[in-house]
Participant: 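Input: one structure, supplied below.
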Amino acid sequence: MLSDRLPSSRRGPLGLRLGPEPIRHLYLHTPFCATVCPYCAFHVHTGSAREMRVFVTALLREWEKLRKSLPVEVETLYLGGGTPSLLPLDAFRQLADAFRPWESVEATLEANPRTVTREKAAAWRDLGIGRVSLGVQSLDPAVLRTLGRRHGPQDVERTVAILREAGFGNINVDLLFGVPGQSPASWEETLTRVIAIGPEHVSAYELTYEEDTPFFEARAAGVWREDEELSIAMYRTAWNLLESSGYRQYEVSNYARPGWASLHNQGYWMGNDYLGLGPGACSTVGLRRWQNRRNTTDYIAALSAGQDPPREEEALSKEVRQRERLLLGLRTSRGVPYSWIEGEAEHARALIGQGLAELSDGTFRLTPEGRLLADGIAGLFVG
Ligand code: SF4
């Protein structure tokens with residue numbers, strides 16, 4: 001199906017657009033999860049099938065409003081959350097009707113292993129979803145328990161088999177390292193087993209302790225503490241194992257087999273405009289950025305009354321957007337034009353001398369070791 005990979009002729013330039021160019025990237029935030037994990041800082045909560053249907057109706061109203069006022073030509077569509085794979089199939093069909101044709105865009109659905117059934121997988125595929133991103137996190141039952149996840153390693157293998165059977169040829173697996181109690185051996189075994197399962201794409205994120213989460217409180221109380229050295233070692237293990245198995249790191253936390261890098265992710269990292277729909281979702285269009293309030297009840301109430309959802313909006317300057325583009329670009333294997341940083345040539349030369357960066361064909365990019373320090377290095381260039 002076309003949505004597995006976008007033909008290059010439809011990809012369009014992934015450059016910064018500040019003019020009246022169409023918006024090509026859509027994110028739909030579904031705030032429902034079966035339970036709320038103790039490290040999660042997204043806007044999520046539990047909800048019944050009826051609440052999910054009401055929510056989808058509101059989301060479609062927001063879409064109607066936005067598409068009437070802004071030029072949109074969807075190239076990538078990302079259904080995230082939350083756990084959008086929990087949505088009842090009739091609500092899914094409503095979404096599919098509104099955003100068709102999904103077959104001609106990169107359409108990604110986030111799913112949790114225990115929420116995928118044969119019936120759902122076949123229906124998603126029929127509706128044109130081409131890519132599924134699975135929230136696996138670990139294949140170690142002890143680590144999964146610490147994370148408050150309800151699935152086990154066997155659920156992951158079963159889910160991937162169901163998705164393959166349904167015809168999905170583009171699967172991402174999300175993993176976490178730096179979890180309290182997670183040993184290097186556990187991380188290595190998870191990576192080895194995931195590689196054997198064979199997804200096209202792997203995201204390996206370091207756990208962060210977000211404010212207002214039980215994990216944050218546990219760290220503040222001294223129950224857990226971060227181990228930077230261990231996290232660095234785990235980053236290197238991921239790089240070594242994934243790269244030697246045919247995956248390519250195209251951003252600090254993202255690896256793909258050649259040709260399977262996510263276009264949606266790349267759109268963000270190139271600084272393209274995007275629209276985020278749903279409570280808590282953020283949008284950036286030209287020099288405007290707004291975020292819907294993180295409250296599902298208010299979101300539904302406003303849209304049911306024909307109003308815009310409550311939002312915070314900020315005006316950006318061209319300099320701010322350019323700085324963001326530099327920060328994001330340094331995290332990717334694509335790098336940034338050298339002209340963006342030549343004012344800091346001394347820093348650039350020092351980084352190249354230390355093996356943390358390289359310069360070729362006018363492009364400055366960090367090496368894998370440099371990407372480990374990407375945020376700190378970016379600070380050298382943006383002051
Ligand atoms: S399943 Fe994902 S989105 Fe839902 S609470 Fe857990 S971490 Fe957050």
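In this text, all values refer to a predicted model and were calculated from it rather than measured experimentally. Read the numbers this way: they start at 1 and go in the same order the structure lists the ligands and their atoms. Note that these values count all heavy atoms, side chains included, but never hydrogens, waters or copies made by symmetry.
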Participant: Who pairs with Ala233 by side-chain contact (heavy atoms from CB on, under 4.5 Å), at least two apart in sequence or on another chain?
Facilitator: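 By the side-chain contact (heavy atoms from CB on, under 4.5 Å) rule, Ala233 matches no residue at all.
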Participant: Between Arg323 and Phe381, is the side chain to side chain contact (heavy atoms under 4.5 Å, CB included) condition met? List the steps.
Facilitator: CA-CA 9 Å; Arg323 198 161 64 223; Phe381 298 113; over 6 Å; no
Participant: Tell me if a side-chain donor or acceptor on Arg118 pairs with a main-chain N or O of Ile162 at a distance below 3.5 Å.
Facilitator: no
Participant: Give every residue pair that meets the ring-ring contact (aromatic ring centres under 6.0 Å, His included) criterion with at least one member in residues 270-304, sequence neighbours excluded.
Facilitator: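 Pairs touching residues 270-304 that pass the test: Tyr268-Tyr274.
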Participant: Should His151 and Leu144 count as side-chain neighbours, where that means a heavy-atom distance under 4.5 Å?
Facilitator: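 Answer yes - side chains close enough.
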Participant: Report, as a single number, the protein N, O or S atoms less than 2.8 Å from atom 6 (Fe) of ligand 1.
Facilitator: 1
Participant: Where is the nearest protein heavy atom to atom 3 (S) of ligand 1: which residue, which atom, and how far?
Facilitator: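 Its nearest protein heavy-atom neighbour is Gly82 N, 3.3 Å.
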Participant: Only counting residues at least two apart or in another chain, list the ones meeting side-chain contact (heavy atoms from CB on, under 4.5 Å) with Thr237.
Facilitator: Trp187, Glu188, Leu191, Leu241
